[in-house]
Structures are given as C-alpha cells and as structure tokens.
Amino acid sequence: MSTWHDLGPIEQFSRPLTPVTIGKTRYAVTRQGDRLGVISGICNHAGGPLGEGRCDGEYVVCPWHGWKYHAVTGLGEPGFEADAVPSLQARVESGRLLVDLDSATPRTKGHHEPHPLARRPERAPGPIRVVGISTTNMDLKNPRTSTSDALLGIAMSHAEAGLGAETRTIRLAELTFRHCEGYYSKSARACTWPCSITQMDPDDQLDRVYEALVHWADVILVATPIRWGAASSLYFRMAERMNCIQNQVTTHDRVLIRDKVAGFIVIGGQDNVQAVAGQMLGFFAELGFLFPQFPYVAHSRGWTAEDMERNVEVSEPTPERVARGGRKAHSARSEGDRP
C-alpha cells in the first residue's frame, strides 16, 4: 500500500537540501542534478534538524554535531551504516514532487559506548581532593614568571603538605582545546554533556578540566591575572565551554556539581578586582559550587606599585612562604597587564 503525498512544485526543491514538514513530521529533501532523495529530518544522535544542515557529496550533514546520512538511502556514513534514518520513495509527476509516506525504511541505531565523562558522579573514598586551575597565558617556549600561577603553587603545596589533601594542577596554557562554538545557541538540546566538542574531537583536552571538576575534586582553586579589567582570555575560553555543565540543570534537571567548594586567586591590585572576583563567584555558583561566608580576602602593595619586576619578586614562593602555606602571600598588579 502506498500513501503518496504532494510536496509541491519541483521548482521549490532546486537547492541541494530543503526542509519539509508534513503534519508534525520533518523530512529532508535533497537534490543532486536530477537525483532526488527524501529522508527523515531528525538526526539519530540528539534529534538535530537534518533539513537545516548541509550536503557533503552524497551525504546530509546534521547542523548540530556533524553526523552524516546518505541523501537517498538514509544510511550512516561509511563505518556507521547501522546509524540509519528512514528514507522514503519519491517521484516527479506533472512537475510536482511526490513522496510515499508508507515506504519509510526503519530507523536503526548502532551501538556507541558512552563517553567516560557521562558516568554518574560519585565521590570515591579518600582524602580531600583539591584541583588548581591556572588560567594565565604565556609563550611556553619562553616562559615567564606568573604571579597568579606562583601563588596558586603556594596554595596547592600547602593543601598537600600542610593539610594532607590530594592535589592536581591544570594549566590551561598547556592544554589544546577549542573555543565554545555556540551549540546552545542552535538549541538547548544541541549543547550536550559532555560538551559536544569533547564528544566529537578526541584531541580536545578540556576533558581534563571536566573530569576534575565534575568527578574528582572536592575543592577547586582558579587563579587568574587581570587583563584590561577582566579575567584572562583563557579563563573565559574555559568558562564558555562550561555551559554544558550548567545546561544540564536547566534542560535535564540534573545537577553535576554537588558539595564542592570553589576559591579564587585574582592578581590585579585595583584593576577592577571586585568585579572580576564577583563575576567568578556568580559564575561558579551557577555551576553548583559553594563558598564561605565573607569570601573576600585582599592584600595590596598600594596604588603606586607599577614596578612590574618587583611584583614578581614579592610574589615568588620562597621556602618561608611555602611553609606558611601562603597565608600571608602578597598580592600585586597583574603579570604585565595594563590598567
């Protein structure tokens, strides 16, 4: 039995890919010369709109995460043929495109192992775990002294030697990771956990930050210089990619961060430090982190401390300061930033 549906004049389908909706069902119509194809408009992966994607040779590419399906058969790209979306028979009569709705092939989904980060967050037994994240940027081939990184080192040494905590230090400048590419702006469902980029790009190294924050650490310390009145550019690159953590709360009622404390080391003297610290407090609160009452502790060398070399000298982790755990470590202007 066939149920042929008139999609309209063939001239409406002159583009390589055209979205079509029949009732509440979406389809993707492809045209390559005189060859026409009609497949489901819903991607197997996260329900992306295939008709709003693009064509890559004989394949339709989902605009959300790049999954590919053959424009006529609906089969997944080579190696992933088991990931197939329904395809339908189509024909042209009297200059109009008809599709047989009863001819749809089955939708099939291949087996995909879940990403390691997708596991349920569970606190394993053991001592308090502290992760330090340095967001200062530099030329790694010609490194300089970073006062925010140095003070983070003092704090981490005290956490381990003085408090018996397990520690990890992550320096964003040593990681290769892509900028946020706006998946949430495509659709709330397009922004996945783990991050869409993390799932698609095995070379993207922000998975180390996700692992530490969601699964490993009890306490996080984030260190940043101030650059032109704001936290470092690397901090914001990381923060944008953490939208996938907060998005789980708003779209899935799933809280990934529980009973974890965040603290910050902000180096910048009077360069808008209150606003920088406030932004960080607000952002990490949205992720689910907790803070102590009266969270601000500040030190200053004064308004006229523009001698950048001295900033490094007074902030370096001497043995005495490490022994004190950095409890009286001096703050200074940013590492080479300008007001």
Original post:
Are any of the side-chain heavy atoms of Ile226 and Ile267 separated by less than 4.5 Å?
Top reply: no
Original post:
Has the side chain of Asp218 got a donor or acceptor atom that lies under 3.5 Å from a matching backbone atom of Arg129?
Top reply: yes
Subject >> Least distance between heavy atoms, Ile265 atom then Ser148 atom >> reply: CG2-O, 4.4 Å
**OP:** Sequence neighbours left out, what passes side chain to side chain donor-acceptor pair (under 3.5 Å) with Ser187? Give chain and number order.
**Re:** none
Original post:
Can you find a pair of side-chain heavy atoms, one from Leu7 and one from Ile22, that are under 4.5 Å apart?
Top reply: yes
Throw together a table of side-chain donor-acceptor distances under 3.5 angstrom for residues 47-67, partners on residues two or more places apart or in other chains.
| unit_1 | atom_1 | unit_2 | atom_2 | d |
| --- | --- | --- | --- | --- |
| Asp56 | OD2 | Lys68 | NZ | 2.7 |
| Glu58 | OE1 | His70 | NE2 | 3.2 |
| Glu58 | OE2 | Arg35 | NH1 | 3.4 |
| His65 | ND1 | His45 | ND1 | 3.2 |
| His65 | NE2 | Ala190 | O | 2.7 |
| His65 | NE2 | Ser196 | OG | 3.0 |

Original post:
So if you build clusters from Ile, Leu, Val, Met, Phe, Trp, Tyr with side-chain heavy-atom gaps below 4.5 Å, do Phe291 and Leu256 land together?
Top reply: yes
Original post:
Would one find more than 12 heavy atoms of other residues, nucleotides or ligands at under 6.0 Å from atom CZ of Phe236?
Top reply: yes
**OP:** Kindly indicate whether the side chain of Leu163, heavy atoms from C-beta on, has any atom under 4.5 Å from the side chain of His158.
**Re:** yes
Original post:
Minimum heavy-atom separation for Leu140 to Ala173, with atom names?
Top reply: CD1-O, 3.3 Å
Subject >> Asp201 side chain near Arg178 side chain, heavy-atom distance below 4.5 Å >> reply: yes
Subject >> For Cys191 against Asn243, the heavy-atom pair lying closest together >> reply: SG-ND2, 3.7 Å
**OP:** Evaluate side-chain hydrogen bond (donor to acceptor under 3.5 Å, both in side chains) for Asp83 paired with His112, printing each intermediate quantity in order.
**Re:** CA-CA 10 Å; Asp83 287 304; His112 298 271; 2.8 Å; yes
Subject >> Gap separating the NE2 atom of His215 from the CD atom of Glu122, nearest 0.5 angstrom >> reply: 10.0 Å
**OP:** Assess the side chains of Thr192 and Gln199: does a donor N or O sit below 3.5 Å from an acceptor N or O?
**Re:** yes
Original post:
Is it the case that more than 12 heavy atoms not belonging to Arg119 sit under 6.0 Å from its CZ atom?
Top reply: yes
Original post:
In Å, rounded to the nearest 0.5 Å, how long is the span from CG of Leu221 to CE of Met156?
Top reply: 6.5 Å
**OP:** State which residues pass side chain to side chain contact (heavy atoms under 4.5 Å, CB included) with Arg237; sequence neighbours excluded, sorted by chain then number.
**Re:** Phe177, His179, Leu234
Subject >> Heavy-atom pair of closest approach, residues Leu175 and Gln205 >> reply: CA-OE1, 3.3 Å
Original post:
Do Glu166 and Ile128 come within less than 4.5 Å of each other through their side chains, counting heavy atoms only?
Top reply: no
Original post:
Can you get from Leu98 to Phe13 by hopping between Ile, Leu, Val, Met, Phe, Trp and Tyr side chains that sit under 4.5 Å apart?
Top reply: no
Original post:
Would you say Asp100's side chain and Thr3's backbone share a donor-acceptor pair under 3.5 angstrom?
Top reply: yes
Original post:
Mind checking whether Tyr183 and Tyr210 sit in one hydrophobic cluster, side chains of I, L, V, M, F, W, Y counted as touching below 4.5 Å?
Top reply: no
**OP:** State the CG-CZ distance between Asp204 and Arg208, to the nearest 0.5 angstrom.
**Re:** 10.0 Å
**OP:** Answer yes or no: does atom CG of Asp139 have more than 12 heavy-atom neighbours from other residues, nucleotides or ligands under 6.0 Å?
**Re:** yes
Distance-only donor-acceptor pairs under 3.5 Å for side chains of residues 277-288, two or more places apart:
| unit_1 | atom_1 | unit_2 | atom_2 | d |
| --- | --- | --- | --- | --- |
| Gln279 | OE1 | Tyr235 | OH | 3.0 |
| Glu286 | OE1 | Gln246 | NE2 | 3.3 |

**OP:** Just do the side-chain hydrogen bond (donor to acceptor under 3.5 Å, both in side chains) check on Thr136 and Ser232 with the steps written out, would you?
**Re:** CA-CA 6 Å; Thr136 191; Ser232 76; over 6 Å; no
Original post:
Given the rule that I, L, V, M, F, W and Y join up when any side-chain heavy atoms are under 4.5 Å apart, are Val249 and Tyr184 in one cluster?
Top reply: no
Original post:
How many angstroms lie between atom CG of Leu206 and atom CD1 of Ile170, to the nearest 0.5 angstrom?
Top reply: 8.5 Å
Original post:
Mind checking whether Tyr69 and Asn44 have side chains closer than 4.5 Å, heavy atoms only?
Top reply: yes
Original post:
For residues His252 and Asn247, is any side-chain donor paired with an opposing acceptor at under 3.5 Å?
Top reply: no
Original post:
Do Trp193 and Phe289 share a hydrophobic cluster (ILVMFWY, side-chain heavy atoms under 4.5 Å, transitive)?
Top reply: yes
Original post:
Which residue pairs pass the side chain to side chain donor-acceptor pair (under 3.5 Å) test with at least one member in residues 85-96, sequence neighbours excluded?
Top reply: Asp6-Arg96, Ser87-Thr105, Arg91-Glu93
**OP:** Would you name the heavy atoms of Arg241 and Cys244 that are closest together and state the gap between them?
**Re:** O-SG, 3.3 Å
Original post:
Would you call Val29 and Leu17 a side-chain contact if the rule is heavy atoms closer than 4.5 Å?
Top reply: no
Original post:
Can Val131 and Val219 be said to form a side-chain contact (heavy atoms from CB on, under 4.5 Å), step by step?
Top reply: CA-CA 6 Å; Val131 63; Val219 179; over 6 Å; no
**OP:** Can you measure from OG (Ser134) to CG (Leu172) and round to the nearest 0.5 angstrom?
**Re:** 7.0 Å
Subject >> Arg254, CZ: over 12 other non-hydrogen atoms inside 6.0 angstrom >> reply: yes
Original post:
Glu81 and Pro78: which non-hydrogen atoms are nearest, and at how many Å?
Top reply: OE2-CA, 3.2 Å
Subject >> Pairs where residues 24-34 contributes a residue and the test side chain to side chain donor-acceptor pair (under 3.5 Å) is met, not counting sequence neighbours >> reply: none
**OP:** Please test Val72 against Val38 for side-chain contact (heavy atoms from CB on, under 4.5 Å), starting from the C-alpha separation and ending with a verdict.
**Re:** CA-CA 6 Å; Val72 176; Val38 180; over 6 Å; no
Original post:
Taking C-beta and beyond as the side chain, do Asp207 and Pro194 meet within less than 4.5 Å on heavy atoms?
Top reply: no
Subject >> Gap separating the CD1 atom of Ile133 from the CD1 atom of Ile220, nearest 0.5 angstrom >> reply: 5.5 Å
Subject >> Residue among Thr135, Thr147, Val276 satisfying side chain to side chain contact (heavy atoms under 4.5 Å, CB included) with Pro225 >> reply: Thr135
Original post:
Given the rule in the side-chain contact (heavy atoms from CB on, under 4.5 Å) test, do Leu88 and Leu101 qualify, once you have shown the distances and angles that lead to the verdict?
Top reply: CA-CA 7 Å; Leu88 298 87; Leu101 301 181; 4.2 Å; yes
Subject >> Test item: Lys109 side-chain N/O and Ala84 main-chain N/O as donor-acceptor pair under 3.5 Å >> reply: no
Original post:
Is the side chain of Gln248 donor-acceptor paired with the backbone N or O of Val255 at a distance under 3.5 Å, no angle test?
Top reply: no
